[in-house]
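In what follows, every chain begins at residue 1, and chains take the letters A, B, ... in the order their sequences are listed.
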Amino acid sequence: MRIGELSKRTGTPSRLLRYYEEQGLLAPQRCANGYRFYPATTVDRVRQIRGLLDAGLPTRIIKQILRCLREPMDIYFADATPEMIATLERERDRMTDRVEFLTRNRDAIAAYLEAVRRYRPTNAEGHPAADEQRTVPPRDASDSP
DNA sequence: ATTCTTACA
DNA sequence: TGTAAGAA
């Protein structure tokens, strides 16, 4: 399939599909007219990439991981070099840190919401009255993982 | 009509 | 990441 269809089937902008290729995450074939041609298995490949990206992994690391998850979508222990193990452990720890960070902020926001609901009851529609839209800035909102 | 590359915000 | 321009 060409980039347009892959884009539609993965919900990923073609701009990004080209970017992933540039980063070495994808390696489509080329048609005579120069158009990129992706095998059907690329759909899952892109889902894998998006998943890892959403998990906060940098494309640099994903490139390494993808070499262990060939086409069909199973794991190749043969490529599990000591270096790979080390990078994966490092990423796992970073993820753990982010989980804790997000948990703290989620709880801070939840507490804020609770406080707001306590001193300002909502109306029938479940929203604050128009003349009560003034807000109080949330507490701990530090962000930058 | 679709995709390509390159460049810039 | 998004968008733009010009070519194929």
Side-chain angles (χ1 to χ4, degrees), chain A residues 1-117 120 122 125-145:
Chain A
M1 72 186 86
R2 293 179 315 195
I3 201 168
E5 191 184 342
L6 180 62
S7 174
K8 202 174 301 179
R9 302 222 290 204
T10 63
T12 305
S14 53
R15 167 77 176 80
L16 283 186
L17 293 174
R18 299 195 186 94
Y19 176 69
Y20 297 157
E21 177 180 352
E22 195 177 84
Q23 299 307 297
L25 273 34
L26 257 27
Q29 296 180 186
R30 290 293 179 142
C31 299
N33 58 10
Y35 286 10
R36 269 164 266 249
F37 190 83
Y38 304 85
T41 54
T42 308
V43 174
D44 285 313
R45 180 92 165 180
V46 173
R47 294 198 170 122
Q48 277 272 269
I49 295 173
R50 300 297 298 243
L52 265 0
L53 243 22
D54 287 346
L57 300 199
T59 59
R60 201 191 101 248
I61 301 298
I62 296 177
K63 193 196 304 182
Q64 299 179 118
I65 295 178
L66 250 30
R67 296 200 191 100
C68 305
L69 307 176
R70 244 156 192 181
E71 285 313 324
M73 196 255 124
D74 39 18
I75 302 175
Y76 280 68
F77 297 99
D79 292 336
T81 66
E83 303 87 280
M84 182 79 281
I85 297 296
T87 57
L88 288 179
E89 290 179 326
R90 205 167 18 254
E91 291 311 315
R92 176 204 56 193
D93 293 339
R94 287 185 183 179
M95 285 190 233
T96 298
D97 291 344
R98 292 211 317 291
V99 166
E100 288 169 356
F101 172 82
L102 289 173
T103 298
R104 283 202 304 282
N105 286 91
R106 180 207 55 191
D107 291 347
I109 290 175
Y112 165 68
L113 253 19
E114 235 182 88
V116 170
R117 287 199 258 257
R120 185 199 298 173
T122 59
E125 287 74 52
H127 293 296
D131 61 316
E132 299 181 71
Q133 288 294 162
R134 267 149 304 236
T135 62
V136 176
R139 279 96 97 180
D140 183 343
S142 53
D143 205 313
S144 62

Completion exercise
When rounded to whole Å, the CD to P distance for the pair A/Gln29 and B/dC4 reads 14 Å

Handout entry: Rounded distance (nearest 0.5 Å) linking atom NZ of A/Lys63 with atom CG of A/Leu52
Key = 14.0 Å

Practice task
Could you check how far CD of A/Glu5 sits from P of B/dT2, rounded to whole Å?
Solution key: 12 Å

Problem - 5′-ward residue of the pair A/Arg15/A/Ile3 relative to DNA chain B - result: A/Ile3

Problem - Interatomic distance, A/Asn33 CG vs B/dT5 C1' [rounded to whole Å] - result: 14 Å

Exercise for the section: Can you tell me the distance, in whole Å, between the NZ atom of A/Lys8 and the C1' atom of B/dT3? Expected result: 14 Å

Completion exercise
Of the listed C/dT1, B/dT5, B/dT2, the closest approach to the A/Leu16 side chain comes from C/dT1

Handout entry: No-H, no-angle donor-acceptor pair, A/Tyr19 side chain to C/dT1 base, under 3.5 Å
Key = no

Problem - Nucleotide nearest A/Arg30 (side chain, heavy atoms from C-beta), chosen from B/dT2, B/dT5, C/dT1 - result: B/dT5

Practice task
Take atom CG of A/Leu17 and atom P of C/dG2, then tell me their distance rounded to the nearest Å.
Solution key: 11 Å

Handout entry: Pair of N/O donor and acceptor under 3.5 Å linking B/dT5 base with A/Arg18 side chain
Key = no

Handout entry: Phosphate contact (B/dT3 OP1 or OP2) by A/Arg36 side-chain N/O below 4.0 Å
Key = no

Practice task
For the pair A/Lys8 and A/Glu5, evaluate salt bridge (charged side-chain N to carboxylate O under 4.0 Å, His left out) and give the outcome as yes or no after the intermediate values.
Solution key: CA-CA 5 Å; A/Lys8 202 174 301 179; A/Glu5 191 184 342; over 6 Å; no

Practice task
Could you walk me through whether A/Arg50 and A/Thr10 pass side chain to side chain donor-acceptor pair (under 3.5 Å), step by step?
Solution key: CA-CA 9 Å; A/Arg50 300 297 298 243; A/Thr10 63; 6.0 Å; no

Problem - A/Ser7 side-chain N/O to A/Thr12 backbone N/O, donor-acceptor pair under 3.5 Å - result: yes

Practice task
Would you mind classifying the nucleic acid contact of A/Phe37 as base, sugar-phosphate or nothing, using non-hydrogen atoms under 4.0 angstrom?
Solution key: nothing

Practice task
Nearest 0.5 Å please: distance from the CD atom of A/Glu114 over to the CD1 atom of A/Ile109.
Solution key: 13.5 Å

Practice task
Rounded off to whole Å, could you give me the CZ-to-P distance for the A/Arg2 and B/dA1 pair?
Solution key: 13 Å

Problem - Whichever of A/Thr12 and A/Tyr35 has its nearest DNA chain C nucleotide further upstream toward 5' - result: A/Thr12

